[in-house]
Amino acid sequence: MVDTDTDGADVCACEQCPALVESRSRIVNGVGPEDAALLFVGEAPGATEDERGEPFVGRSGTVLDDALRDAGLDRSDVRITNCVRCRPPENRDPRAAELDNCASFLDREIGRVDPDLVVTLGKVPGERLLDREVAVTREAGSVVDARIDGQGRRVLVCLHPAATLYDGSQRDAFEEAIATAADLVGVAGGGQSRLEEY
Ligand code: URA
């Protein structure tokens, strides 16, 4: 069933994915400034996000917030969104069709925010936005050029914050990638963007 209604970067109503319509309590839209220099893209809302209607507010969100703070940023300085806006049942990975159904919403959000750098949190958003397989552990911290919705974009590949909860040895790589993102766009401390150097 195709029935969508959007307002800017927000999706107000959507019934395209029957399983997600069934499992969600609400649509979880992106948060943060619409002119943010940094846009973080996760996979899909989990239980806490579904309950509170905001991306990355559960345990993964705490890891992200801590890394942002260590990099000199506040959560409110950046835009945070997901590839899929409705919680999948039992927190399973979003299916390809669900990612496809939500793709135009993510494209629209990226277009409106027009960030200097997109940071992909985990394999799903990395592969979605780079349109190729991503070895996320090996590639974490790398900055690559991508075409997203016909537009050239800078993308920094990053681990999903939850990876650091399963494997504490990934914490440094995660924090380093977030620090690189802050440094590259010069948002921490209001410095200069260094993206041209890449
Ligand atoms: N994991 C995600 O990928 N997104 C969220 O919003 C929360 C957890």
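Sequential numbering from 1 along the given sequence is applied to the chain's residues. Start at 1 and go down the list; that is how both ligands and their atoms are numbered.
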Any sub-3.5 Å donor-acceptor pair from [X]'s side-chain atoms to [Y]'s backbone N or O?
| X | Y | value |
| --- | --- | --- |
| Ser25 | Glu51 | no |
| Arg26 | Asp50 | yes |
| Glu109 | Ala9 | no |

May I ask you to check whether Pro55 has an N/O atom sitting below 3.5 Å from an N/O atom of ligand 1?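 Between Pro55 and ligand 1 (N or O atoms, distance only) the closest approach is not under 3.5 Å.
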
Ligand 1 and His160, any nitrogen or oxygen pair closer than 3.5 angstrom?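 Yes, at least one N or O pair falls under 3.5 Å.
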
To which of Ala44, Gly42, Ser60 does the heavy atom nearest atom 5 (C) of ligand 1 belong?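 Considering heavy atoms of Ala44, Gly42, Ser60, the nearest to atom 5 (C) of ligand 1 sits in Ala44.
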
If you take the nearest heavy atom of each of Val124, Asp93, Asp50, Asn82, which one is closest to atom 6 (O) of ligand 1?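 Among Val124, Asp93, Asp50, Asn82, the closest heavy atom to atom 6 (O) of ligand 1 comes from Asn82.
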
Test Ile110 against Asp149 for side-chain contact (heavy atoms from CB on, under 4.5 Å), laying out the working first. CA-CA 9 Å; Ile110 296 172; Asp149 200 25; over 6 Å; no

Around atom 8 (C) of ligand 1, find the nearest protein heavy atom and jot down its residue, atom name and distance.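 Looking only at protein heavy atoms, the one closest to atom 8 (C) of ligand 1 is Phe56 CE2, 3.8 Å.
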
At under 4.0 Å between heavy atoms, is it the side chain or the backbone of Glu43 that contacts ligand 1, or both, or neither?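 Answer for Glu43: both.
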
Distance in Å, Ile178 CD1 paired with Leu68 CG, rounded so as to fall on 0.5 Å steps: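 Reported value, rounded in 0.5 Å steps: 6.0 Å.
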
